[in-house]
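Everything on this sheet refers to the single structure shown next.
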Amino acid sequence: MRSSRSPLLPAVAAASRWVRDHARRLVLAVAAAFALVAVSTAPAAAYAPVGVVHTERVQAGPYTVTVGFSEWPLRAMQSLDFTFVPDGGIAGKDGTLTLDGPGLDADDRETPLVRHPRKRDVWGLDVQALPESGTWSFTFDIDGHAGHGRGTLRGVSVLDQPGPPLSISWAVCALPPAGMLAYLAVGWRRNKPSEKVATLI
């Protein structure tokens, strides 16, 4: 008695298994990438306390401002926290900060003095990186109950960026996704799913 089973069924099952296996691998790879992004932007890092390891004082008219640095000495392309604390606190005061240094875009030079997001009782900059090494200055324009004041902290030295050059860092970071793409391309060429599907038609 002849079997009613179609000879195409084994080929269909094999193609289905191949698609299912590779789809599972792709889903796992995407999930791992999302997990890595989630860990790197975890809320715990956003709420870490601001550590000040060095301070400088600058006179801005009637206001004395203490400038705090989370790292010292400063290095280019390093994530830094800056705090700006006028004597008597920031209540009833506002103003602007003007940065001057090499490699800084014109749009990034002037910024309002706002509360530091993780230290709300002072002004500051959160996770700020200075683009290039050299000599930098911080100019404060402050308005408050004592009138207007302007002062500049000059001669802040910024050293070369830590670690390897940025181009090498980007090349190393590009290796895993490039390897994944190469793996998928080789697997696709070896298994030739288009030919398997063609044999079923």
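Keep in mind that this is a model prediction, so the values were computed, not measured. Side chains are part of it too, since the values below use all heavy atoms of this structure and drop only hydrogens, waters and symmetry mates. Sequence positions, counted from 1, serve as the residue numbers for this chain.
A 4.5 Å side-chain heavy-atom check between Trp123 and Pro86 finds at least one atom pair inside the cut-off.
Between Arg57 and the choices Leu153, Asp87, Val65, Val85, the side chain to side chain contact (heavy atoms under 4.5 Å, CB included) rule is met once, by Asp87.
By the neighbour-count criterion of 12 heavy atoms within 6.0 Å, atom NZ of Lys119 is sparsely surrounded, having that number or fewer from other residues, nucleotides or ligands.
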>> Between Phe69 and Val52, does the side chain to side chain contact (heavy atoms under 4.5 Å, CB included) criterion hold? Intermediate values first, please.
In response: CA-CA 5 Å; Phe69 303 89; Val52 174; 5.9 Å; no
> Between Thr96 and Ile142, is a side chain to side chain contact (heavy atoms under 4.5 Å, CB included) present by the stated rule, with each step listed?
Replying inline: CA-CA 7 Å; Thr96 59; Ile142 300 175; over 6 Å; no
> Going through the checks in order, is the side chain to side chain contact (heavy atoms under 4.5 Å, CB included) test met by Trp136 and Arg154?
Replying inline: CA-CA 7 Å; Trp136 287 71; Arg154 302 181 188 280; over 6 Å; no
>> Under the criterion side chain to side chain contact (heavy atoms under 4.5 Å, CB included), I'd like the reasoning laid out for Gln161 against Gln78: C-alpha separation, chi angles, the key distance, then a yes or no.
In response: CA-CA 7 Å; Gln161 71 179 80; Gln78 183 179 33; over 6 Å; no
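Between the CG atom of Leu99 and the OG atom of Ser137 there is a distance of 8.0 Å, given to the nearest 0.5 Å. The CG atom of Leu80 sits 11.5 Å away from atom CZ of Arg75, with the distance rounded to the nearest 0.5 Å. Rounded to the nearest 0.5 Å, atoms CG (Asp160) and OG (Ser133) are 4.0 Å apart. Considering CG of Leu74 and NE2 of His54, their distance stands at 8.0 Å, rounded to 0.5 Å.
Hydrophobic clustering keeps Val50 apart from Val127 (ILVMFWY residues linked when any side-chain heavy atoms are closer than 4.5 Å, directly or through intermediates). Two different hydrophobic clusters hold Ile90 and Val114 under the rule that ILVMFWY side chains link at heavy-atom gaps under 4.5 Å. Note on Met77 and Leu130: separate hydrophobic clusters, where clusters join Ile, Leu, Val, Met, Phe, Trp and Tyr whose side-chain heavy atoms are under 4.5 Å apart, directly or indirectly. Taken together through direct or relayed side-chain contacts under 4.5 Å among Ile, Leu, Val, Met, Phe, Trp and Tyr, Val122 and Val67 form parts of separate hydrophobic clusters. Residues Tyr63 and Phe138 fall within the same hydrophobic cluster, defined by Ile, Leu, Val, Met, Phe, Trp and Tyr side chains chained together at heavy-atom separations under 4.5 Å.
In the model, Thr152 has a side-chain atom that pairs as donor or acceptor with a side-chain atom of Thr139 under 3.5 Å.
A salt bridge links Arg118 with Asp126; the closest basic N to acidic carboxylate O contact falls under 4.0 Å.
Taking all atoms of both residues into account, the shortest heavy-atom contact from Pro102 to Gly134 is CG-CA, 4.1 Å. Among all heavy-atom pairs drawn from Asp143 and His148, the shortest one is OD1-ND1, 2.9 Å. Scanning all heavy atoms of the two residues, the minimum distance from Trp72 to Val53 falls at N-CG2, 3.7 Å.
Using a 30° and 60° split on the angle between ring planes, Phe82 and Phe84 fall in the parallel class, below 30°.
For residues 106-115, the set of pairs meeting the side-chain hydrogen bond (donor to acceptor under 3.5 Å, both in side chains) definition, not counting sequence neighbours, comprises Asp100-Arg109.
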